Amino acid sequence: MAAAGLGDVCAVVLAAGEGTRLRPLTERLPKALCPVGNIPLLDRALDRLAGLGLVGPERVAVNACYLADQVVAHVGDRAHLSVEPGDPLGTAGGVANLRDWIAGRPVLVGNADAYLADPAATPGPDIAALLDGWDGHEVRLLGQPAADPTALGTFDGHVFTGFSLLPWRRVRDLPSGFGDLVRAVWRPAEAEGALTVVPFHRTFYDTGTPADYLAANLHAAGAAGLVDPTATVTGRCRESVVGAGAEVHGEVERSVVWPGGTVHAGERLREVVRAGDDLTVPAARP
């Protein structure tokens, strides 16, 4: 990363949202703690930052609001914690609320619910291009080429893939209170010719819907599936993810069984997410 000042970069992982599209799963867990490939999404984000050398509460912050106590307990002392009272402040409001902690530094902002995978690079180095050669002034977004480059919500023909790099002056000028980075930072920077999209050509899911959440899990598991060593499987399990302490006595195919979940004898689950022994969320694409 050969650019001046990058040693001062800090990072913020946004983990405050309610995950409304994943309900009723997110009535039990905040979206940031939902497991993908048996690893909580938030841990995947923190591991990716660690791969860039960003670790600890001096360099990494996590915001929390919805089911904040679960996020706080899970993060522990691995990062600085910013608990937002009331309703979530949004992506811009969450960063603005951390202004005193950011304290003049440029900031790498990541969405906890972004699932990224590159078979040619480990987490961290897989997004290092976002930092390479940065001049310290422009806004950068990590983006995947869009199927329709002219579609609403794209940036230079790309779909945002979960990480952005902001100079301090953009953070300094953020209004307090609720707001989103699209309108507060990205579009204004784009209009000024001060926004660059760094392409990410590998796998990305935002995991915001049951279908995308399932797709991310199946990608993480691979064709052979993924069964935690502490799970009990007496039934049939194909192309699925089975979490720690789960029990599968029936049949599961292309599905996710959360840690501690149960699939009873005689049950046949396909393209669903099972939580506990009583919640089944269909996750097949329409």
Side-chain angles (χ1 to χ4, degrees), residues 1 3 5-17 19 29-36 39-84 88-118 121-132 134 136 139-142 160-172 174 181 185 198 200 204 206-207:
M1 291 179 283
L6 283 178
D8 297 329
V9 169
C10 61
V12 171
V13 180
L14 299 172
L29 277 181
K31 182 166 61 171
L33 298 188
C34 290
V36 169
I39 299 172
L41 281 161
L42 180 54
D43 287 352
R44 288 184 176 273
L46 292 173
D47 288 346
R48 180 161 277 107
L49 295 176
L52 292 169
L54 297 170
V55 294
E58 297 299 319
R59 300 294 300 278
V60 179
V62 174
N63 75 334
C65 184
Y66 175 69
L67 299 180
D69 56 336
Q70 293 189 39
V71 176
V72 168
H74 188 81
V75 172
D77 61 1
R78 291 183 292 166
H80 175 82
L81 283 155
S82 172
V83 178
E84 300 168 7
L89 292 171
T91 55
V95 174
N97 200 48
L98 280 158
R99 199 164 10 229
D100 289 345
W101 175 83
I102 296 169
R105 295 177 290 180
V107 58
L108 178 63
V109 181
N111 293 347
D113 60 356
Y115 172 81
L116 301 161
D118 182 348
T122 56
D126 60 352
I127 66 166
L130 191 62
L131 299 168
D132 287 344
W134 186 52
V139 172
R140 283 188 171 183
L141 304 182
L142 195 69
F160 174 62
T161 56
F163 284 84
S164 63
L165 185 58
L166 310 180
W168 163 248
R169 71 180 182 89
R170 299 285 181 176
V171 176
R172 179 195 62 205
L174 283 172
L181 288 172
V185 177
V198 176
F200 182 79
F204 162 73
D206 74 359
T207 72

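Values in this document were obtained by computation on a predicted structure and should not be read as measured data. Just so it is clear, the values below take in all heavy atoms, side chains as well, and ignore hydrogens, waters and symmetry mates. Throughout, numbering of the chain's residues begins at 1 and tracks the sequence.
Within a 6.0 Å radius of CG in D100, no more than 12 heavy atoms belonging to other residues, nucleotides or ligands are found.
The backbone N or O of A15 sits less than 3.5 Å from a side-chain atom of N63, completing a donor-acceptor pair. Within the 3.5 Å criterion, the main-chain N or O of D113 finds a donor-acceptor partner in the side chain of T207. The main-chain N or O of V36 is found under 3.5 Å from a side-chain atom of R44 such that the two form a donor-acceptor pair. At least one donor-acceptor pair closer than 3.5 Å links the side chain of D126 to the backbone N or O of G124.
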* When you look at V60 and R78, which way does the side chain to side chain contact (heavy atoms under 4.5 Å, CB included) test go after all the steps? -> CA-CA 8 Å; V60 179; R78 291 183 292 166; over 6 Å; no
* To do: Apply side chain to side chain contact (heavy atoms under 4.5 Å, CB included) to the pair V171 and V95, showing each step before the final yes or no.
  => CA-CA 7 Å; V171 176; V95 174; 4.1 Å; yes
* Go through D206 and T161 one step at a time and tell me if the side chain to side chain contact (heavy atoms under 4.5 Å, CB included) criterion holds. => CA-CA 7 Å; D206 74 359; T161 56; over 6 Å; no
* Take L67 and L29, measure what side chain to side chain contact (heavy atoms under 4.5 Å, CB included) needs, and give me the verdict at the end. => CA-CA 7 Å; L67 299 180; L29 277 181; 5.7 Å; no
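With rounding to the nearest 0.5 angstrom, the CH2 atom of W168 is 9.0 Å from the SG atom of C10. We find the SG-CG distance between C34 and L42 to be 11.0 Å, quoted to the nearest 0.5 Å. Atom CZ of F200 is separated from atom CZ of F160 by 12.5 Å, given to the nearest 0.5 angstrom. For the atom pair L174 CG and L166 CG, the distance stands at 7.5 Å (nearest 0.5 Å).
Between L33 and Q70 there is a side-chain heavy-atom pair separated by less than 4.5 Å. Counting heavy atoms from C-beta on, the side chains of V72 and V83 come closer than 4.5 Å. You'll find the side chain of P167 reaches within 4.5 Å of the side chain of V139, heavy atoms only.
Checked against side-chain contact (heavy atoms from CB on, under 4.5 Å), A61 has the following partners two or more places apart in sequence or in another chain: V12, H80, L98, W101. Residues passing the salt bridge (charged side-chain N to carboxylate O under 4.0 Å, His left out) test with R170, sequence neighbours excluded: E192.
Closest approach of A79 to V62, counting heavy atoms only: CB-CG2, 3.9 Å. Taking both residues in full, the closest heavy atoms of V71 and P30 are given as CG2-CG, 3.8 Å, listed atom of the first, atom of the second, then distance. What you find for G162 and A114 is that their closest heavy atoms are CA-CB, 3.9 Å. For the residue pair A64 and A16, the shortest heavy atom distance occurs at C-CB, 3.8 Å. The nearest pair of heavy atoms linking D132 to R140 is O-NH1, 2.8 Å. Of all heavy-atom pairs between P57 and D77, the closest is CD-O, 3.6 Å.
Under the side-chain contact (heavy atoms from CB on, under 4.5 Å) test applied with F163, the options N111, L141, L116, L131 reduce to a single match, L116. Screening L108, L49, L54, D8 for a side-chain contact (heavy atoms from CB on, under 4.5 Å) involving R59 leaves a single residue, L54.
A donor and an acceptor atom, one from each side chain of N97 and E84, are nowhere located under 3.5 Å apart.
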